[in-house]
Number of protein chains: 2
Amino acid sequence: MTKTKRDSYHHGDLRSALISAAEEIIAAEGVEGFTLRKAARKAGVSPGAPTHHFGSMAGLLTQVARRSYEALGKQLAGAAEGLEGNAALRALTAVYVRFARDYTGRFRLMGRTDLIELEDDDLRAAVYRAMRPLAAAAAGTRGLGVPTPEFERLDPRLIAAIAPAHGLAHLATEGRLAATMRSGEVDAQAQDALVDEVLRALWP
Amino acid sequence: MTKTKRDSYHHGDLRSALISAAEEIIAAEGVEGFTLRKAARKAGVSPGAPTHHFGSMAGLLTQVARRSYEALGKQLAGAAEGLEGNAALRALTAVYVRFARDYTGRFRLMGRTDLIELEDDDLRAAVYRAMRPLAAAAAGTRGLGVPTPEFERLDPRLIAAIAPAHGLAHLATEGRLAATMRSGEVDAQAQDALVDEVLRALWP
DNA sequence: CTTTTGTCTAGACACTGTTTAGATTGCGTG
DNA sequence: CACGCAATCTAAACAGTGTCTAGACAAAAG
């Protein structure tokens with residue numbers, strides 16, 4: 001589809017072309033449908049080419065994961081505006097779950113510790129930045145400082161805010177939140193309603 | 001190690017030998033270290049043999065996942081005894097997290113929808129049975145019926161009990177619950193303490 | 001214009017899961 | 001007991017995979 005054409009021996013911007021190709025494959029076929037060679041073919045390049053830019057498949061997927069965390073962070077930041085306390089926590093969690101449902105491929109990749117380089121500094125920073133709105137909400141609600149970037153020694157109350165979101169998101173992607181229609185598709189509205197009920201039980 | 005010896009052409013009990021082999025590999029090298037051929041070699045059998053018993057790799061791993069859910073269910077059932085209300089929920093969640101930490105390979109497999117056959121009836125039943133203690137605790141706490149076996153149209157209050165456990169477990173396996181020592185190993189005691197704090201914030 | 005540096009290809013390697021056809025065995029039945 | 005059937009397993013191949021090593025090519029630097 002987005003097969004980047006080649007007129008010259010050199011590609012020009014292969015690095016970002018491969019990232020885009022990977023994102024498209026993951027969006028269309030999921031993480032399990034992704035192969036490095038597919039991405040190379042989509043970019044119109046030989047199987048060995050990606051190695052020069054990313055070192056390994058995990059290197060490429062780490063970039064995709066980083067960008068995905070940035071996207072999630074943006075959505076979270078937007079959702080928290082103008083809200084405070086438990087209302088903010090509910091809104092943030094709802095967005096977290098919607099992200100997992102709407103971008104299941106990306107979300108699954110973010111949890112695949114075998115496919116990405118967790119120790120990558122840029123990735124860690126992106127994860128930290130993405131979680132900031134949740135941290136802020138937890139702090140606003142319960143009097144708690146923003147966590148250190150190392151993401152270690154986290155405050156239990158922040159974890160208490162992240163865990164339900166993470167858990168709900170996983171349940172959603174596994175189709176365990178009811179809301180599956182007869183067509184097999186996910187009934188987004190019904191799912192949102194269910195999530196809202198859960199959230200009102202957790203953060204009244 | 002546990003290489004099952006062969007004296008005759010037929011194995012005798014290849015089916016369960018393959019399941020055991022798979023469990024050992026997953027325990028030792030994680031899901032990402034598992035290959036079907038490895039399991040076959042460990043059972044002292046040709047690469048094509050497993051297909052006759054399980055149809056595909058997913059068939060074998062589905063059995064491993066089923067047994068893992070049974071193990072988890074046993075631990076949950078044991079943890080709930082003699083406890084009521086939020087104390088039961090806290091104990092159950094703590095066990096859930098400990099299971100994920102102590103049997104990370106198994107736990108990761110349970111979440112890999114691409115490696116197992118989610119629609120398998122035995123698996124679904126095992127999942128349902130494993131979650132019963134959580135459902136009972138949520139019911140005892142908040143006046144809620146035990147969910148239907150189809151695991152659809154779940155009560156939001158039950159989901160509110162499962163989600164934090166699931167989320168905490170994932171965070172634990174990703175090493176995001178502090179509690180990682182300088183050696184790189186997980187400080188189980190510190191992690192348990194942190195989880196306990198989180199749980200007291202969620203279910204006071 | 002030449003050299004150096006960064007990109008990319010070609011081909012191979014050691015794997016993977018699965019399929020095919022055939023060899024081997026145990027078991028129920030005559 | 002002997003026979004044939006059905007179950008079980010093997011051997012070999014197939015189409016893939018990620019990654020490595022040479023070397024080909026092109027653009028930038030001297």
Side-chain angles (χ1 to χ4, degrees), chain A residues 3-22 25-26 28-65 105 108-109 112-117 120, chain B residues 3-23 25-26 28-65 105 109 112-117 120:
Chain A
K3 193 169 294 182
T4 315
K5 52 193 165 254
R6 282 271 289 305
D7 40 359
S8 64
Y9 189 92
H10 283 34
H11 182 281
D13 194 10
L14 180 55
R15 191 187 150 87
S16 60
L18 283 170
I19 294 179
S20 300
I25 294 169
I26 289 172
E29 311 174 40
V31 204
E32 55 275 1
F34 171 84
T35 66
L36 189 55
R37 290 175 109 106
K38 260 189 212 170
R41 275 189 298 253
K42 203 155 192 164
V45 110
S46 79
T51 308
H52 289 276
H53 289 271
F54 300 100
S56 70
M57 183 176 70
L60 168 55
L61 291 180
T62 300
Q63 298 307 314
V64 176
R108 289 242 170 90
L109 172 66
R112 286 292 296 276
T113 59
D114 54 330
L115 293 184
I116 64 183
E117 293 159 355
D120 181 275
Chain B
K3 196 169 292 186
T4 317
K5 53 192 164 250
R6 284 270 289 305
D7 40 358
S8 65
Y9 189 91
H10 284 32
H11 182 282
D13 194 10
L14 180 57
R15 191 188 150 85
S16 58
L18 283 171
I19 294 178
S20 301
E23 284 176 340
I25 293 169
I26 289 172
E29 312 174 40
V31 205
E32 56 276 0
F34 172 85
T35 65
L36 189 56
R37 290 176 109 108
K38 259 189 210 170
R41 276 189 298 254
K42 202 155 193 164
V45 109
S46 80
T51 308
H52 289 276
H53 289 270
F54 301 99
S56 70
M57 184 176 69
L60 168 55
L61 290 179
T62 300
Q63 298 306 315
V64 176
L109 173 65
R112 286 292 295 276
T113 58
D114 54 331
L115 293 183
I116 63 184
E117 291 158 357
D120 181 275

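Owing to the predicted nature of the structure, the values given are computational and were not obtained by experimental measurement. Protein chains get the first letters and strands the later ones, always in sequence-line order, with residue 1 at the start of each.
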Touch class at under 4.0 angstrom, heavy-atom based, for Thr35(B) against every strand present: sugar-phosphate
Touch class at under 4.0 angstrom, heavy-atom based, for Pro50(A) against every strand present: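 Nothing, no heavy atom under 4.0 Å.
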Return the value, rounded to whole Å, for the distance between atom [atom1] of [X] and atom [atom2] of [N].
{"X": "Leu36(B)", "N": "dT19(C)", "atom1": "CG", "atom2": "P", "result": "11 Å"}
{"X": "Phe54(A)", "N": "dT7(C)", "atom1": "CZ", "atom2": "P", "result": "12 Å"}
{"X": "Leu61(B)", "N": "dG17(C)", "atom1": "CG", "atom2": "C1'", "result": "12 Å"}
{"X": "Lys38(B)", "N": "dA14(C)", "atom1": "NZ", "atom2": "C1'", "result": "13 Å"}
{"X": "Arg15(A)", "N": "dT7(C)", "atom1": "CZ", "atom2": "C1'", "result": "14 Å"}
{"X": "Phe34(A)", "N": "dG18(D)", "atom1": "CZ", "atom2": "C1'", "result": "11 Å"}
{"X": "Leu60(B)", "N": "dT18(C)", "atom1": "CG", "atom2": "P", "result": "10 Å"}
{"X": "Leu18(B)", "N": "dT18(C)", "atom1": "CG", "atom2": "P", "result": "13 Å"}

Is the shortest side-chain heavy-atom distance between [X] and [Y] below 4.5 Å?
{"X": "Glu117(B)", "Y": "Ser56(B)", "answer": "yes"}
{"X": "Thr113(B)", "Y": "Arg108(A)", "answer": "yes"}
{"X": "Phe54(B)", "Y": "Gln63(B)", "answer": "yes"}

CD1-CG distance between Ile116(A) and Leu61(A), expressed to the nearest 0.5 angstrom: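 If we round to the nearest 0.5 Å, Ile116(A):CD1 and Leu61(A):CG are 8.5 Å apart.
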Short N-O contact, Glu32(B) and Arg112(A), less than 4.0 angstrom: no
Shortest side-chain distance from Thr51(A), nucleotide among dC20(D), dT10(D), dG18(D):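 The closest nucleotide is dC20(D).
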Any Arg41(B) side-chain N or O less than 4.0 Å from OP1/OP2 of dT16(C):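 True: Arg41(B) side-chain N/O within range (under 4.0 Å) of dT16(C) OP1/OP2.
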Any His53(B) side-chain N or O less than 4.0 Å from OP1/OP2 of dC9(D): yes
Presence of donor-acceptor pair under 3.5 Å, side chain of Arg37(A) and base of dG16(D): no
Given DNA chain C, 5'-ward residue of the pair His52(B) and Met57(B), judged by closest heavy atom: Met57(B)
